Each structure stands twice: as C-alpha cells, then as structure tokens.
Enquirer: 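Take this structure, written in structure tokens, and hold onto it; I'll ask about it next.
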Amino acid sequence: MDLYDNSIAIPIFDYGGRLVGCKNRSNDPFCPSDCRFYASLPYPKTNIVYGYTINYHSIVSRNTIVVFESEKAVMQTHSFGSPFAVAIGGHCLSNTQIHYIKSLGAKNIVLAYDEGISEDEIRFEAEKLRVNNHMMNNNVYYLFDKDNYYLNKGSKDSPSDHGRYVFEQMCK
C-alpha cells in the first residue's frame with residue numbers, strides 16, 4: 001500500500017524473477033477508471049507476462065494457463081486456489097509474450113479477457129497463439145460471456161472479479 005498517493009503497489013518481475021517495474025492502482029473513489037492504473041516505475045509492458053515466475057510450477061503441473069488482461073485477476077485467482085494464471089497488461093499479445101506463454105508448454109491456453117472486449121478481438125488474439133501451433137500441440141480457448149450472464153454489459157469486469165464460482169462456471 002502506497003500511503004503517499006493512496007494506491008496499491010504491484011511489483012513487476014521479469015522471467016528471471018528480477019524486479020523490473022512497479023504498477024499502482026489508485027484507491028481514490030473519484031479517480032476516473034482510465035487513470036486508475038499507472039506505472040510508478042515504468043517497465044517494458046510488452047515484454048512482461050505477470051505471474052510467470054510465481055505461477056510457473058502450477059501452470060506446468062496443471063498443464064493449463066489462463067491469460068488475463070490485468071495483474072489484479074492473477075492475484076484474485078491465486079487467492080481462491082487457482083494459481084495457473086498470468087496477465088499481459090492489456091488485451092493485445094506481443095510476440096515476446098506469446099513466446100513466453102508458449103514456452104510453458106501448457107496443453108491448454110485460455111484467454112480470459114474483460115467484459116467489453118469483442119469476440120472478434122479475442123479471436124484475433126487467440127489466432128496469434130495458434131500460429132505454428134502444430135509445433136506446440138496445445139489447445140487455445142477463450143472465455144466469452146456472449147449473453148452477459150456472468151459479467152454485466154459495460155462493466156469491464158474480469159472473469160475473476162466475481163469470485164471462484166463465477167470463474168469456474170465460465171471455464172466450464
């Protein structure tokens with residue numbers, strides 16, 4: 001907790017476990033949603049897969065990786081017993097992020113993006129993971145709440161924002 005600017009500090013580590021940056025989330029209730037997250041110690045976002053090192057062994061043993069947009073979702077799923085998630089800091093996968101996600105060798109890759117990202121955009125990102133897929137022999141899936149049964153339309157909620165039950169139901 002950063003008391004100076006009323007935010008939560010999220011340390012960012014690279015693939016070797018070295019601290020490379022810090023992202024903050026404002027706790028100010030009047031902060032506009034598009035300004036809520038900011039880098040207090042800038043880092044190369046497109047070169048980072050948040051949760052890679054801390055969840056590495058769980059991802060490899062479970063043979064599944066869930067890719068979220070936000071670091072918060074990785075922390076949420078970890079807290080309710082699902083330590084096999086990573087975040088890319090947005091919804092566009094970079095070539096570096098694709099390389100590291102595929103390097104985990106998980107049989108199943110699941111994109112779990114926030115409400116509001118169109119199904120076409122999610123499919124486009126999933127296709128990036130399918131390129132040269134014959135070499136990796138993995139399956140690429142995505143979660144999409146087409147009828148907004150779990151995620152309210154316009155909410156920008158993550159599949160993890162409503163707890164373990166909703167996350168597991170969406171995964172089914």
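Values in this document were obtained by computation on a predicted structure and should not be read as measured data.
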Enquirer: Count the heavy atoms of every other residue, nucleotide or ligand shown that sit under 6.0 Å from NZ of Lys45, and state whether that count exceeds 12.
Expert: no

Enquirer: Flag the pair Arg36 and Asp28 as a salt bridge only when some basic side-chain nitrogen lies within less than 4.0 angstrom of an acidic carboxylate oxygen.
Expert: no

Enquirer: Does the pair Asn55 and Val74 meet the rule for a side chain to side chain contact (heavy atoms under 4.5 Å, CB included), with working shown?
Expert: CA-CA 9 Å; Asn55 290 334; Val74 175; 3.6 Å; yes

Enquirer: Is a side-chain donor or acceptor of Glu115 paired with a backbone partner of Ser155 at a separation under 3.5 angstrom?
Expert: yes

Enquirer: In this structure, would Phe13 and Tyr100 fall into the same cluster of hydrophobic residues linked by side-chain contacts under 4.5 Å?
Expert: no

Enquirer: Quick one: do Gln76 and Ser79 satisfy side-chain hydrogen bond (donor to acceptor under 3.5 Å, both in side chains)? Show the steps, please.
Expert: CA-CA 5 Å; Gln76 286 173 324; Ser79 74; over 6 Å; no

Enquirer: Is a side-chain N or O of Asp145 found less than 3.5 angstrom from the main chain of Leu151, in a donor-acceptor match?
Expert: yes

Enquirer: Please tell me if the side chains of Cys171 and Leu143 come closer than 4.5 Å, counting only heavy atoms from C-beta onward.
Expert: yes

Enquirer: Of Tyr50, Tyr56, Tyr52, which meets ring-ring contact (aromatic ring centres under 6.0 Å, His included) against Tyr15?
Expert: Tyr52

Enquirer: Are Glu69 and Ile88 close enough that some pair of their side-chain heavy atoms sits under 4.5 Å apart?
Expert: no

Enquirer: Strictly by modelled atom types, are Ser158 and Ser160 linked by a side-chain donor-acceptor pair under 3.5 Å?
Expert: yes

Enquirer: May I ask you to test the Phe144-Ile117 pair for a side-chain heavy-atom distance under 4.5 Å?
Expert: no

Enquirer: Taking all atoms of both residues into account, what is the closest heavy-atom pair of Tyr43 and Cys22, and its distance?
Expert: CD2-N, 4.2 Å

Enquirer: Are Asn108 and Val140 close enough that some pair of their side-chain heavy atoms sits under 4.5 Å apart?
Expert: no

Enquirer: Hey, is OH on Tyr142 packed in by over 12 heavy atoms from elsewhere, all under 6.0 Å?
Expert: yes

Enquirer: How about CD1 on Ile54, more than 12 heavy atoms from neighbouring residues, nucleotides or ligands closer than 6.0 Å, or not?
Expert: no

Enquirer: Step through the shown structure and confirm whether more than 12 heavy atoms of other residues, nucleotides or ligands are within 6.0 Å of CZ on Phe80.
Expert: yes

Enquirer: For the residue pair Tyr113 and His91, categorise the inter-ring angle as parallel (less than 30°), tilted (30 to 60°) or perpendicular (more than 60°).
Expert: perpendicular

Enquirer: Looking at Asp14 and Arg18, would you say the former's side chain and the latter's main chain have a donor-acceptor pair under 3.5 Å?
Expert: yes

Enquirer: CD1 of Ile10 to CZ of Arg25: how many Å apart, nearest 0.5 Å?
Expert: 8.5 Å

Enquirer: Answer yes or no: is there an ion pair linking Glu71 with Lys23, defined by an N-O contact shorter than 4.0 Å?
Expert: yes

Enquirer: With a 4.5 Å cut-off on side-chain heavy atoms, are Ile8 and Asn24 touching?
Expert: no

Enquirer: Would you check if the side chain of Ser94 reaches a backbone N or O of Thr46 as a donor-acceptor pair within less than 3.5 Å?
Expert: yes

Enquirer: Is Glu119 paired with Arg123 through a side-chain N to carboxylate O contact shorter than 4.0 Å?
Expert: yes

Enquirer: Between Lys172 and Glu168 (salt bridge meaning N to carboxylate O under 4.0 Å), is one present in this structure?
Expert: no

